[in-house]
Amino acid sequence: MRKTISFAALLLAANAHAQDIGQPLPAWRQGELDIHHINTGRGESSLLILPDGTSLLVDMSGKTVERPPFSLPTKPDASRAPGEWVARYLQRVLPLPSGKDTARQIDYAMISHFHGDHMGAIVEDSPRSKNGYRLSGITEVAEHLRIGTVIDRGWPDYAYPAPLKNPTIDNYRSFLDWQAKHRGLKVEQFQPGRNDQLKLLHEPNAYPQFAIRNVYANGRVWTGEGTRTRPVFSREEAPGENALSIAFKLSYGAFDYFSGGDLSAQDIEVDPSLDNVEAAVAQANGKVDAMKANHHGSWDANSAPFLRLLQPRVIVVGARAEGHPAVNTYQRMTSAATWPGPRDIFITNVSAATFKTTYNIEKAASTQGHVVIRVERGGASYRVFVLDDSDEAMRVKSISGPYSSN
Ligand SMILES: [Zn+2]
């Protein structure tokens, strides 16, 4: 009799699982942690819904300066700008706040670094907001949803490592000024080392096992002691924008997740010992359960030393161009010679050419669609949902896991 009951229970569980395929993603529930890697084909954008409903948007997509065919087509289609697609996605999944003010809002909007495929580039035909500035990426998202606090690596002077001045940055600063004056927007510079800059805003006491550690930005990495940091580059070195990207580690109980923008170093493919930024960040960060691949899985990122220290069970590659992920990078991520043990790779968008030319990519857990990591209350386990990105129905294509957090 006992056996029969457990068999029936198993059947029930299997049915519940099967019923989710083809159905819209079940809504986030209080206590869960959702990490949405949104595929617009035009850059990176991740939405994190934290256990108490606090929302953190990391990058907003919106690349518009790259020439085809290098850049991938806009998803779901070209009828709207990437920033607007991101805003519409957010409207569908952000929890409604309780209380009188029922408008959904983005509590934190973080820009990992100042490139168009992360913040939205301003080009000749970028439309103009009635507020004076022009629309792409973050400025476009803010047309649709209110933002509480913006966190970037450059505020307030945008002068490191040299004064930043181009149409995208100038427009962004006009946007910040207008929003601060008229919408009460707060702006902060990301401070490496801290673990209290990004915090739960609604019920922090309900989730003491949750924290976000600021691991790296602007050439300074956390030492692992208190909130202290040290420089990664020597005075003579001139790191590019990618190598200054914001990196953080999110922990929820046993679950750990890493996100590091476009961290990369051009010479790691020929000599991994030249990986000064990723390796330093990985040493400070330590092992994780899941990570977003650095720099869209490009050839110059996710070095072997970096991967060996993080040993992710799940890797999400936010692709936006041909060659994402790069052949050799995909090999490093999948090879047991890099580190032993199983791992699943989810790629948001693989072009036909990249699919044909990347060895073993057909074994990836997914090569097309939004990738949602859903961590159960308390953080002990998580599942990965892949959603159909061809329309806005949020239909589940596949469910992987549950994985146990380590
Ligand atoms: Zn990028």
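The shown structure was predicted, so the numbers you read here are calculated from the model rather than taken from an experiment. When a residue number appears, it is its place in the shown sequence, counting from 1.
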Next on the checklist: Can you list everything that forms a side chain to side chain donor-acceptor pair (under 3.5 Å) with Asn131? Sequence neighbours excluded, please.
Outcome noted: Ser129, Tyr133

Checklist entry - Hey, is CZ on Arg92 packed in by over 12 heavy atoms from elsewhere, all under 6.0 Å? => result yes

Next on the checklist: Quick check for you: to the nearest 0.5 Å, what is the distance between Arg128 atom CZ and Asn171 atom CG?
Outcome noted: 8.0 Å

Next on the checklist: Do Ile49 and His36 have side chains that approach each other closer than 4.5 Å (heavy atoms only, starting at C-beta)?
Outcome noted: yes

Item to check | Donor-acceptor pair, side chain of Ser61 and main chain of Ser45, under 3.5 angstrom | outcome: no

Item to check | Thr329 versus Asn302, side-chain donor and acceptor atoms under 3.5 Å | outcome: no

Checklist entry - With no hydrogens and no angle check, is any side-chain donor or acceptor of Thr54 less than 3.5 Å from a backbone partner on Leu201? => result yes

Next on the checklist: Rounded to the nearest 0.5 Å, what separates atom CD1 in Ile212 from atom CG in Leu250?
Outcome noted: 4.5 Å

Checklist entry - Judged by modelled atom types alone, do Asp262 and Ser264 share a side-chain donor-acceptor pair under 3.5 Å? => result no

Checklist entry - Hey, is the main chain of Arg374 close enough, under 3.5 Å, to the side chain of Asp34 for a donor-acceptor pair? => result no

Checklist entry - When you check the side-chain N and O atoms of Asn285 and Tyr216, is any donor under 3.5 Å from an acceptor? => result no

Next on the checklist: side chain to side chain donor-acceptor pair (under 3.5 Å), that's the test. Do Gln189 and Asp152 meet it? Break it down for me.
Outcome noted: CA-CA 5 Å; Gln189 185 182 99; Asp152 68 29; 5.8 Å; no

Item to check | Glu241 bridged to Arg153 by N-O distance under 4.0 Å | outcome: yes

Checklist entry - Could you state the interatomic distance from NZ (Lys186) to CD1 (Ile147), rounded to the nearest 0.5 Å? => result 13.0 Å

Checklist entry - Is a side-chain donor or acceptor of Asn214 paired with a backbone partner of Pro192 at a separation under 3.5 angstrom? => result no

Item to check | Pairwise side-chain contact, Val281 with Phe258, heavy-atom cut-off 4.5 Å (strictly under) | outcome: yes

Checklist entry - Hey, is the main chain of Ser126 close enough, under 3.5 Å, to the side chain of Arg134 for a donor-acceptor pair? => result yes

Next on the checklist: Is the shortest side-chain heavy-atom distance between Val187 and Pro156 below 4.5 Å?
Outcome noted: no

Item to check | Donor-acceptor contact present, side-chain Arg29 to main-chain Ala27, <3.5 Å | outcome: no

Next on the checklist: Please give me the minimum heavy-atom distance between Ala393 and Pro24, naming the atom from each residue.
Outcome noted: O-CB, 3.8 Å

Next on the checklist: Could you check whether any side-chain N or O of Tyr108 sits under 3.5 Å from a backbone N or O of Leu57, counting only pairs where one atom can act as donor and the other as acceptor?
Outcome noted: no

Checklist entry - Between Arg104 and Val93, is there a donor-acceptor pair closer than 3.5 Å when you use the side chain of the first and the backbone of the second? => result no

Checklist entry - Hey, what's the ring geometry for His113 with His115, parallel, tilted or perpendicular (30° and 60° as the breaks)? => result perpendicular

Checklist entry - Does atom CD of Glu362 have more than 12 heavy-atom neighbours, drawn from other residues, nucleotides or ligands, at distances under 6.0 Å? => result yes

Checklist entry - Any chance the side chains of His295 and Asp300 put a donor and an acceptor closer than 3.5 Å? => result yes

Item to check | Output field: ring centroids Tyr158/Phe114 closer than 6.0 Å | outcome: yes

Next on the checklist: Quick check: closest heavy atoms across Leu56 and Met110, and the distance to 0.1 Å?
Outcome noted: CD1-CB, 4.1 Å

Checklist outcome for this item: For Ile347 and Ala364, the nearest pair of non-hydrogen atoms, with its separation, is CD1-CB, 4.1 Å

Checklist entry - Roughly how far, to the nearest 0.5 Å, is the CG atom of Leu176 from the CZ atom of Arg183? => result 14.0 Å

Checklist entry - With no hydrogens and no angle check, is any side-chain donor or acceptor of Lys292 less than 3.5 Å from a backbone partner on Gly260? => result no

Checklist outcome for this item: Output for pair (Asp77 CG, Trp85 CH2), nearest 0.5 Å, gives 4.5 Å

Next on the checklist: Strictly distance-based, threshold 3.5 Å: is any side-chain N or O of Arg308 a donor or acceptor partner for the main-chain N or O of Thr338?
Outcome noted: yes

Next on the checklist: Could you measure the distance from the CZ atom of Phe190 to the OG atom of Ser112? Nearest 0.5 Å is fine.
Outcome noted: 10.5 Å

Next on the checklist: I want to check something: taking the side chain as every heavy atom from C-beta on, are Val277 and Pro239 in contact at a cut-off of under 4.5 Å?
Outcome noted: no

Checklist entry - Knowing that exactly one of Asp344, Asp256, Asp289 qualifies, which makes a salt bridge (charged side-chain N to carboxylate O under 4.0 Å, His left out) with Arg313? => result Asp344

Checklist entry - Is the shortest heavy-atom distance from the side chain of His144 to the side chain of Arg88 under 4.5 Å? => result no

Checklist entry - In terms of the angle between their ring planes, are Tyr382 and Tyr403 parallel, tilted or perpendicular, with boundaries placed at 30° and 60°? => result parallel

Checklist outcome for this item: Residues Thr354 and Pro325: closest non-hydrogen pair is CG2-O, 3.8 Å

Item to check | Set of side chain to side chain contact (heavy atoms under 4.5 Å, CB included) partners for Glu236, sequence neighbours left out | outcome: Ser234

Next on the checklist: Is it true that Glu237 and Asn276 share a donor-acceptor pair across their side chains at a distance under 3.5 Å?
Outcome noted: yes

Checklist entry - For residues 344-379, which residue pairs qualify under ring pair (Phe, Tyr, Trp, His ring centres under 6.0 Å), counting only residues two or more places apart or in two chains? => result Tyr89-His370

Checklist outcome for this item: For Ala353 and Glu322, the nearest pair of non-hydrogen atoms, with its separation, is CB-OE1, 3.6 Å

Checklist entry - Between the side chains of Asp52 and Gln30, does any donor sit under 3.5 Å from an acceptor? => result no

Next on the checklist: Quick check: closest heavy atoms across Arg332 and Ser298, and the distance to 0.1 Å?
Outcome noted: NH2-O, 4.4 Å

Checklist entry - Do Thr229 and Arg220 have a side chain donor and acceptor closer than 3.5 Å? => result yes

